[in-house]
Amino acid sequence: MKKHYIKRVTSYSMVGSLGFAIVAGLQGCSEGPLPVDSQQNQSNSIADAAAEGYFMIIQQTGMNPDTYELKERYPSSQGTRAILRDMNGEEQVLSEAELTQLAEAEARKLEEGTSKLSQPVAQNQGLGLGEMILASAAGALLGNMLANRLMGNRNFQQHQQRTNQRVQSSMNSTRQPAQNKTAKQQSSKRSGFFGGQGGSNRGGGLFGG
Amino acid sequence: MIKTEAVQPISHQLMEEVGMSWHTDVDGTAYLVNELVHVTEDEAEAYYAAANATYDMFIAAGQHVIDNELFFELDIPFNLISQIKRSWDNDDLHLYGRFDFAGGLDGLPIKLIEFNADTPTSLFETAVVQWALLKANGMDEAHQFNTVYEAIQHNFRRLITGLGDDTSDFSTQYQQQNILFSSMPDLPEDERTVKFLQQIAADAGFQTDFAYMGDVAFSEDDGIFSSETRFDYWFKLFPWEDIALETDGITGLLEDISRKQACTLLNPAYTLLFQSKGMMKVLYELFPDSPYLLETQLEPLPGKKQVAKTMFGREGANTVLYDAMGKVLKTIPGEYDNYRKVYQEFAPFPQDEEGRSYQAGVFFAWEGCGLGFRRAWDIHDDLSKFVSHRIV
């Protein structure tokens with residue numbers, strides 16, 4: 001019998017960015033409420049997040065030498081953070097400071113020509129942790145100026161493209177509503193429908209079933 | 001007999017950090033139970049199969065209602081009929097719904113209680129909280145019937161790719177269509193549900209925004225707006241039958257918007273057909289031999305233990321449990337008495353040794369996609385508890 005209901009691959013994508021918040025919270029690395037919950041008017045949080053940072057799921061794919069692959073990446077409004085999952089399934093949260101430190105060290109190696117990222121992309125080539133992080137989030141961690149400078153290196157560009165092609169990501173569109181969607185001047189719109197309502201026992205919901 | 005497995009709880013602090021603020025009921029008892037129901041693979045598979053087979057019957061029954069103009073029999077408000085028909089003819093996407101089933105464990109047959117097709121809740125608990133409970137206890141997260149997030153994400157993409165299984169062409173077909181999400185203010189459970197859906201849509205690749213119901217603007221010619229931005233789709237966690245009761249012209253505006261195809265609403269108006277408990281009677285007439293259906297009539301069922309409920313009652317409100325002699329065993333009052341009643345044969349729920357019964361909620365988004373349980377003494381109402389599960 002074909003089992004439809006079991007997830008094919010265990011993945012945080014099953015609950016999206018909440019997966020990160022929960023795993024980080026369970027490990028005591030919580031950094032406060034998610035914006036989607038706490039802010040009443042957070043209409044642009046997703047748009048802002050794309051510019052502010054990422055949360056990433058990095059999977060270890062090999063040992064001696066250690067290699068890593070970017071599994072998932074989502075926009076985050078709380079800076080850049082990552083969950084590192086090792087070969088045994090153990091998970092570790094990497095803070096922005098740790099990620100930045102790794103990215104800076106790798107950027108120096110890249111500029112010195114000693115990073116694997118400065119070499120052509122090879123078949124079945126794995127990246128080390130610092131290399132993976134720099135290829136995944138150079139702009140968010142180091143700022144656009146330095147990231148653009150690194151992009152001048154053609155090999156780094158190719159590593160970055162390859163990383164981006166592989167990752168499960170939601171960022172295939174810009175998040176800001178398009179300008180051509182705005183109302184025509186003469187359009188008559190009415191709002192203020194759906195007035196006051198009663199309460200419920202749980203104090204949380206009223207209209208669900 | 002159901003035996004649950006006690007597990008370490010998720011802290012209230014963490015739950016609140018991820019927006020699950022309704023973890024405790026007004027009487028101070030925990031809404032989220034720190035126990036897991038054990039479900040075998042075959043039982044999970046049976047719930048999955050039941051949801052899929054039942055949905056197919058709802059589609060056939062919906063067509064039957066529309067073809068035979070049976071709206072009155074389902075208590076459908078007359079001012080929504082054209083929107084219902086139009087959304088049906090347009091094949092507007094049904095984003096998600098939740099079947100409530102009796103049985104399914106302990107060898108009890110799975111029986112459909114009702115279909116929360118329009119504004120189902122328990123979504124966040126099913127998709128996120130019970131997953132987190134496995135995670136918090138170091139258990140294998142794959143051992144759960146729970147692909148809710150993924151299934152709804154694919155359904156959002158079907159708004160663009162069309163009604164087929166494969167949604168992989170989304171990114172090439174997507175042309176910046178946007179979705180507005182709305183709930184009523186001061187209802188954190190509803191708001192969390194809607195913002196979770198918004199997150200799924202954003203993760204799927206859509207432009208999205210959130211606005212409270214009262215802040216949304218409507219134009220009969222141009223569609224639906226928030227802050228001067230027009231939206232292609234509007235998801236509202238607000239029952240269609242309550243929209244029909246609004247006397248300020250919103251129903252007519254939505255009718256115009258629907259007629260001019262200026263915006264598509266989620267869930268579509270036709271889900272009100274599925275939501276009506278009168279549909280249980282139609283289903284039983286059309287599929288009397290289905291193993292999933294209980295006899296349901298508009299009149300009391302002679303000589304049978306049964307449950308009377310109103311067409312659009314929610315959370316167990318306005319429900320009366322009768323024994324086979326017609327004696328009232330339990331009554332839950334409510335505010336839905338203005339709707340007509342249906343009488344549904346009673347089906348046994350699996351119980352634990354304390355006599356509490358477990359109702360299965362199976363989410364449906366293109367296919368069955370997630371299982372969660374509600375635990376209560378007799379009738380599952382808005383004080384019943386959410387119980388997670390683990391496949392063993």
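Just so it is clear: chains get the letters A, B, ... in the order the sequence lines come, proteins before strands, and each one is counted from 1.
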Between B/I224, B/L253, B/I243, the one whose heavy-atom pairs under 4.5 Å with chain A are most numerous: B/L253

Do you know the tightest heavy-atom contact between B/V216 and A/S191? O-CB, 3.2 Å

Closer than 4.0 angstrom, basic N to acidic O: yes or no for A/E91 and B/K135? yes

Kindly compute the distance separating CZ (B/F225) from NZ (A/K189), expressed to the nearest 0.5 Å. 5.5 Å

Would you say that more than 12 heavy atoms from the other residues, nucleotides or ligands in this model lie under 6.0 Å from the CD of A/Q101, or not? no

How long is the straight-line distance from CE of B/M15 back to CD1 of A/I22, given to the nearest 0.5 Å? 10.5 Å

Drop me the distance from A/F194's CZ to B/D215's CG, to the nearest 0.5 angstrom. 12.0 Å

Cut-off 4.5 Å, heavy atoms of chain A, and the answer for B/D221 is neither

